[in-house]
Amino acid sequence: MTQELAPTRPAPERGWWRDAVIYQVYVRSFADSDGDGIGDLRGIRERLPHVAALGADALWLTPFYASPQADGGYDVADYRTVDPLFGTLDDAAELINAAHDLGLRVIVDIVPNHTSDQHAWFRAALADRQGGPARDRYHFHPGRGDAGELPPNDWESVFGGPAWTRTPDGDWYLHLFAPQQPDLNWHSPEVHEEFESILRFWLGLGVDGFRVDVAHGMVKAEGLPDIGAREQAKMIGSQVLPFFDQDGVHDIHRSWRRLLDSYDGERVGVAEAWAPSPERLALYVRPDELHQAFNFQFLNCPWDAQAMRAVIQTSLAATALVGAPTTWVLSNHDVVRHLTRYGGGDETLGLRRARAAALLMLALPGSAYLYQGEELGLPEVTDLPDEVRQDPSFFRTDGQDGLRDGSRVPMPWSGDVPPYGFSPQGAAPSWLPQPEAWKSLTVEAQTGDPHSTLELYRSALALRRELPGLGDGPMTWEQPPGGYPDGLLMFSRPGFVCTLNTTPRPAGLPTPGRLLLASEAPAEDGAIVTLPADSCAWWAI
Ligand code: NOJ
């Protein structure tokens, strides 16, 4: 690596992650620099000013490592190499440095629960004999039934179908996700050593932390017991299962925390953990474990003030027990975009609610993750033709559950026709087609329009930086005089009040203060303010 690519460090700031706004870049769909219709690292570097101007503190990059792409790169064949689809290691180093120059930290994905079936270790395991040492890095077991013809237990893959695949010599191997993603055996010391070395490799290149994929899954219950009549695993589910949220995973996170702490600049770990309760989730962010854990209870909460209040309250209470901040999130590359979830088929309604939800989330204490495109008010693309879909769950469930490609459609940047600046002129079509209607949603179309969702996000993030009461710190639920009208929420932070109306009706309240920002303008009449239906407002007090 050349001298210019020596890693840079962002300005030190203690506890930066406690209230950071972190922007998720789905690498394949952010920006394509070389015209193959697939996003890449150089494309991201060129578009970094968008993330900086938005006001985010950091980026999280989804996996860009060498991979056959059986699960969008979450099937890693070599953890220290950049897939040629996305660029080179020098591109990665340049991207990290360019982000640092703009004051943005960089978090990369680490995928420790499983490798690709093309990883050198898995190839060696297949080539080894039954019971051989190369198989010990994975979960190989003989089957049940007279001739071992039945899987070792009844576990199902998160993507549908059995979680076991049989090899030609009769052994079965475990894959909680696709068959191309064999689960690693974290009882093997070699697995621990290898992942510590991979973490050091990327820390040496200057990354500021890791989003830990399936952080709740690396350790399986002793004896691999059957699930029986209980419900099988779902993407971002919260069931109690013998392969998720086992106590043993915390030893791994503790050892990774020690490793992270041995580097300068507060490098962080964020758990993608599906836990059955906020209390179980809080265990991942104890002071000697990871720094953050996505709050999927909040993501899964319906558009209802009382339900939201309950989730917010229990989340804050649970993380307070361990002294950690809460990490809010509304969308990511695995779920239907929140605009579409909240709108239930009505995009106008969905947009109103999505804008309000963003202001709610950004007013809460703690850190928040934004998923690329939510700042543009992008809806889920629900009418993708079957032949362009790539999500493995779509193919393993007869198309019943192929919901993830619709949130991964490439970003619209500019212009009136696809690829809307995603790729350079004359490029191959984008890997998923962009809808016609997105011409009014491009970054270019929304910039400077005070009513646009992009400008709402920019203003919210600017205020969040400016107002000392936002970000990390205390919050108090407020009772409007006469009690809450149904479907309303109101809370204060120092010098600040947030009001949320989740009902389809306008709601009157005594004016809480001076209006700072609103997802829909409230009508103020002297001391009374009318909050529009499905809206959120920020007030200075
Ligand atoms: C969670 C990732 O976000 C998802 O995209 C992936 O399919 C699974 N983990 C398996 O790695």
Side-chain angles (χ1 to χ4, degrees), residues 22 24-30 39 60-77 79 83 107-119 122 138 155-161 163 174-184 186 195 198 210-218 220 232-238 241 243-245 249 269-275 281 284 290 292-296 299-300 327 329-337 369-372 380 389-397 401-409 431-432:
I22 301 177
Q24 180 189 351
V25 171
Y26 191 70
V27 172
R28 196 172 245 278
S29 300
F30 193 63
W60 151 32
L61 304 171
T62 53
F64 49 80
Y65 317 112
S67 161
Q69 306 291 324
D71 180 22
Y74 283 95
D75 49 318
V76 182
Y79 292 83
D83 196 285
I107 291 173
V108 295
D109 232 301
I110 184 87
V111 188
N113 179 67
H114 43 264
T115 66
S116 159
D117 62 350
Q118 298 306 310
H119 190 283
F122 193 71
Y138 294 91
W155 297 358
E156 282 179 18
S157 143
V158 175
F159 294 152
L174 176 68
H175 52 85
L176 295 180
F177 295 87
Q180 298 90 336
Q181 294 167 294
D183 277 52
L184 284 163
W186 276 85
F195 272 87
I198 295 164
F210 300 93
R211 176 265 191 191
V212 183
D213 189 62
V214 197
H216 55 307
M218 287 114 96
K220 280 74 181 170
Q232 295 274 351
K234 280 207 199 95
M235 187 57 88
I236 307 200
S238 55
L241 292 163
F243 47 80
F244 283 158
D245 195 37
V249 296
V270 51
E272 188 237 1
W274 316 343
L281 187 66
Y284 291 81
L290 300 178
Q292 302 181 323
F294 295 108
N295 185 339
F296 293 133
L299 181 150
N300 281 327
T327 300
V329 59
L330 290 167
S331 278
N332 65 31
H333 64 292
D334 289 330
V335 298
V336 173
R337 283 183 177 275
Y369 277 71
L370 309 180
Y371 178 46
Q372 69 178 42
E380 183 81 0
R389 288 187 181 271
Q390 303 212 1
D391 181 357
S393 63
F394 180 75
F395 302 103
R396 286 182 57 93
T397 53
D401 195 19
L403 293 175
R404 298 191 304 169
D405 289 313
S407 64
R408 300 175 178 180
V409 172
W431 72 279
L432 288 174

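Note that ligands are numbered from 1 as they come in the structure, with each ligand's atoms numbered from 1 the same way.
For a threshold of 3.5 Å applied to N or O pairs, the pair formed by Trp274 and ligand 1 contains no separation below that value.
Applying the 4.0 Å criterion to heavy atoms of Arg408 picks out, from ligand 1, the atoms 5 (O). Near Arg404, the atoms of ligand 1 lying under 4.0 angstrom from a non-hydrogen atom of the residue are 4 (C), 5 (O), 6 (C), 7 (O). Every atom of ligand 1 with a heavy atom of Val214 under 4.0 Å away is listed here by number and element: 9 (N). The atoms of ligand 1 that sit less than 4.0 Å from any heavy atom of His114 are 10 (C), 11 (O). Annotation for ligand 1: atoms under 4.0 Å from non-hydrogen atoms of Phe159 are 7 (O).
Aromatic ring orientation, His333 versus Tyr371: tilted (interplanar angle from 30° to 60°).
Remark: Trp431 engages no residue in a ring-ring contact (aromatic ring centres under 6.0 Å, His included) (not counting sequence neighbours). For Gln69, the side-chain hydrogen bond (donor to acceptor under 3.5 Å, both in side chains) test picks out Arg28, with sequence neighbours left out.
The distance between the ring centers of His175 and Phe122 does not fall below 6.0 angstrom. Aromatic ring centres of Tyr74 and Phe177: separated by at least 6.0 Å.
Annotation: atom 8 (C) of ligand 1 to nearest protein heavy atom, Phe177 CE2, 3.8 Å. Looking only at protein heavy atoms, the nearest one to atom 5 (O) of ligand 1 is Asp334 OD1, 2.7 Å. For atom 11 (O) of ligand 1, the closest non-hydrogen atom on the protein side is Asp213 OD2, 2.7 Å.
Residue His175 does not touch ligand 1, judged by heavy-atom distances below 4.0 Å. In Tyr26, neither the side chain nor the backbone holds a heavy atom less than 4.0 Å from any atom of ligand 1.
If you check the side chains of Tyr26 and Ser407, you find no donor sitting under 3.5 Å from an acceptor. Neither side chain, Trp274 nor Asp245, offers a donor N or O lying under 3.5 Å from an acceptor on the other.
Among Asn113, Val158, Asp71, the residue whose heavy atom lies closest to atom 6 (C) of ligand 1 is Asp71.
Using a 4.0 Å cut-off between charged nitrogen and carboxylate oxygen, Asp183 and Lys220 count as a salt-bridge pair.
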Take Leu299 and Tyr369, measure what side chain to side chain contact (heavy atoms under 4.5 Å, CB included) needs, and give me the verdict at the end.
CA-CA 11 Å; Leu299 181 150; Tyr369 277 71; over 6 Å; no
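Using a 4.0 angstrom heavy-atom cutoff, Arg211 counts as in contact with ligand 1. Look at Gln24 and you'll find every heavy atom at least 4.0 Å from all atoms of ligand 1.
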